[in-house]
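Right, one structure below, let's go through it.
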Amino acid sequence: YGLKALLPLIRREDQSTEYDPSMTLGIDLTSVLHSLGIQGNQQGRQRVLDTFQSPWVETSRSEVEPRFFVPESFTNIPNVLQSGAQDPVFNSVQQDHAKISLFQDETLFYLFYKHPGSVVQELTYLELRKRNWRYHKTLKVWLTKDPMMEPAVAPGGASERGSYVFFDPQRWEKCQRDFVLFYNAIM
Amino acid sequence: TNQEKMFLVFTEWVKLLQRVPENDIKVTVFIRQMMDKGVINSTDNMIQFTKAAIELSVGSFKESDPTSEVFIATDAFSKLIVKLLVLQDFTALSRSEYLRLMISVITMVFSEDQGMADNSFNERPYFRLISSLLCQWEDVSGHNFIKIQDQQFRNELIEFTPEFYNIIASFLHAFQPIAYPGFSFAWITLISHRMFLPKMLSLPGKVGWSKLILLFTDLLKFMAQYTKKNDVPDAVSVVYKGALRVFLAVANDAPEFLVENHYELLNNLPHVYMQLRNVILSAIPKRMVLPNPYDPQLSIGDVESCQHVPNVFYDPVQDLKNLKKPVDNYLRIPSASLLRVISTGIFKADQQKDSGIGYDSVSVDTKLINAIVLHVGIEAALEKDKTTATAIFNTKSSYYALLASMLSEGTTEVRFHVVQAIVNQLRYPNAHTLWFNYVLKNLFLSEEWGPSFAEIQEIIIRTLLERVVTNKPHCWGIIVTFTELLKSSECSIMTLPFVKDVPEVEHIIKHL
Amino acid sequence: TMPAEMASQLESSLLNCPDSLDADTPKLYYNSLSLPHPTSIFFPNET
């Protein structure tokens, strides 16, 4: 019960034989807290249990839908998407695909990323292309030319350097970047 | 057969939900028809239907292509449960009884499934059923069931909601890892589910807290049972990592839960989990700003929050058993005979195995010791409010005397566990931290121990040191107390023989 | 010491541990636009 009992904890060479140090002395919790979305400072404290994905990082591969509430006023807006008095419906690809052209860019991006491997991902892809956005195969983001700048095509014609507007799906915003664009990387 | 009919009806339900949105009138009509046609109009039929639904859901999961949608039937079943709770008029059975009945049937099927010799049990569909049930209940109950038109129904459902969560909690308690190890990882994921844990933490009047403590106790008991010091099975080590993350998340979102329940949580926490112990004890009330514990000008008595008595959700007096009277009587009027009763009453009938740092067994009832120490602290704080500070900040007071006497009369083992219990109360700035800081300092510097002096001092230093050599967090009260002892002019710790005897420790203390 | 049968069940539970996809909000009714459809391999394949 005295100080000598702490020796196996303190002496590094004894650690692995007597106690599991990750549980006794523990570990630096910075990365664990970071993985939970907990910031160091108290001021910026945000709740994390409401969006808790899993007790383990390895099984937290995707976001989970939190509690949310859609007020009545969001559901009875007349003439949304030119639908007149009724709520807009999307029940038939044949009948409804043209409505995609009524969505704003951000809505298209949302649908593209939200529904992988679906009809709507394909339809939003086609619509964004119509609006001169191009999808980068490796970065997995959409980009379009900055209208203010003319890009310089590289000798050989395989790429161009210029200024582009990217849509960042993590930060959910458009941002301008100088970039070397390889033509075979976009679709 | 009747069972086949049940299968058919459930299958139709699953198909219906894939074809129409859930608020479509056809969904309500289907349920109405289920009731009218007697599918679920009696307890027997209810049981049979539930059994059919869960068996089909689990069966369909097991047979589905893993890359496809494997939970369609399970999700449909959970939707049905919510609809049945919300759409029916409850006359014969209450809503609670109805839900309990369905859960009991699910429990039965679960037990049978996991007991099958073919090892085909998979926790995922059962996990998904409860997870979806929680999500769908959340959806319908949002903003006090605003989606429900009828005001009376709405009121009933609002009243029922705490019951709903407590029934789920009871189900989880029955399926704790010690009982159903094949469900352990699903279980831990469920108790920390985003639609369960924050809800239970925030139910009005803290009505979810008792069940939550029960569940956390289940988790800690499982970890305690199978944690050996140096041979932790890999799976248990993974359990620990998950538990740590969950506790950190709770410390962030609802620190008051850890603050008010530290006693019960620590009663079941294996001693070797030193960092986790610190995580629980370092929880501080939201919005409290801690004075810098390393500030050389800091005087703990001047910290304003040290005047506030912390809330203790579970009164440890309930755990005093047959020592309640002797302890309370001693606090009124100390006597040697009462002390004898207490000192002998803290021993267990038999020695038990325990995984501690430096010890493998325990012959005292540590829970009882923790209860006594905390109870004395609570009573001391009450006394201070009733009378004056000098009534308790006084080595002649019965409060101090009881703890000091337990040390002086006790074996080394008793001394260790009493000191541990005292140090457990050195947390954020509050009235208990302040008083136990006073107690510990005086115990350390007391000249009344005689030959036991060195042993008691060593136990105190060991107990404080083990809580600061760990990775952070460290408790504010521990740092402040240890700092005071290190700076004490009355006793230079560095000169103490038992410190000099252990060069590694001497080195650390010098560093501190 | 954990009995062998228990250890084996615990291991099995670890292997089958539900992940965040299992814990996500159920969606039963899919409108026709979000039905599965083969799309480019370069598109993100997780939501």
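Because only heavy atoms are used, hydrogens play no part in the values below, and waters and symmetry mates are left out as well, while side chains stay in. Order of the sequence lines sets the chain letters (A, B, ...), proteins ahead of strands, with each chain counted from 1.
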For this session: Decide if atom CD of E5(C) counts as having more than 12 heavy atoms of other residues, nucleotides or ligands within a radius under 6.0 Å.
Result: no
Exercise. Is there a donor-acceptor pair closer than 3.5 Å between any side-chain N or O of N45(C) and the backbone N or O of G117(A)?
Worked result: no
Exercise. Given that the side chain runs from C-beta out, which part of F52(A) has a heavy atom under 4.5 Å from chain C: side chain, backbone, both or neither?
Worked result: neither
Exercise. Side chain, backbone, both or neither: which part of Y135(A) has an atom under 4.5 Å from a heavy atom of chain C?
Worked result: side chain
Exercise. Does a sphere of radius 6.0 Å around CZ in R134(A) hold more than 12 heavy atoms from other residues, nucleotides or ligands, not counting ones at 6.0 Å or beyond?
Worked result: yes
For this session: Check the angle between the aromatic planes of F43(C) and Y125(A) and answer parallel, tilted or perpendicular using the 30° and 60° thresholds.
Result: tilted
Seminar exercise, completed: When V120(A), V93(A), V119(A) are each screened for side chain to side chain contact (heavy atoms under 4.5 Å, CB included) with H37(C), the one that passes is V119(A)
For this session: Indicate whether any N or O donor in one side chain lies under 3.5 Å from an N or O acceptor in the other, for S20(C) and S60(A).
Result: no
Exercise. Is any side-chain heavy atom of V64(A) closer than 4.5 Å to a side-chain heavy atom of T25(C)?
Worked result: no
Exercise. Within a radius of less than 6.0 Å around NZ of K4(A), do more than 12 heavy atoms belonging to other residues, nucleotides or ligands occur?
Worked result: no
For this session: Against chain C, work out which of Q121(A), E63(A), E58(A), K140(A) has the most heavy-atom pairs shorter than 4.5 Å and name it.
Result: Q121(A)
Exercise. So what's closer than 4.5 Å to chain A heavy atoms on P38(C): side chain, backbone, both or neither?
Worked result: backbone
Problem set entry | Nearest-0.5 Å distance that lies between atom CG in D19(C) and atom CZ in R61(A) | 4.5 Å
For this session: For each of K137(A), H97(A), Q53(A), tally heavy-atom pairs with chain C at distances under 4.5 Å, and name the one with the top tally.
Result: K137(A)
For this session: Output the distance between atom CG (L33(C)) and atom OG (S118(A)), rounded to the nearest 0.5 Å.
Result: 8.0 Å
Problem set entry | Exercise: identify the closest heavy-atom pair between D24(C) and E65(A) | OD1-N, 3.0 Å
Exercise. Pick from H115(A), M187(A), H136(A): which one has the most heavy-atom pairs with chain C under 4.5 Å?
Worked result: M187(A)
Exercise. Measuring heavy-atom distances to chain C, does L111(A) have an atom under 4.5 Å in its side chain, in its backbone, in both, or in neither?
Worked result: neither
For this session: Determine whether T59(A) and C17(C) make a side-chain contact, defined as any pair of heavy atoms from C-beta on separated by less than 4.5 Å.
Result: yes
Exercise. Side-chain donor-acceptor pair under 3.5 Å between E122(A) and T39(C), yes or no?
Worked result: no
Problem set entry | Option that, when pairs with chain A are counted at under 4.5 Å, heavy atom only, ranks first among S40(C), P44(C), P18(C), A23(C) | P44(C)
For this session: Step through the shown structure and confirm whether more than 12 heavy atoms of other residues, nucleotides or ligands are within 6.0 Å of CZ on R161(A).
Result: no
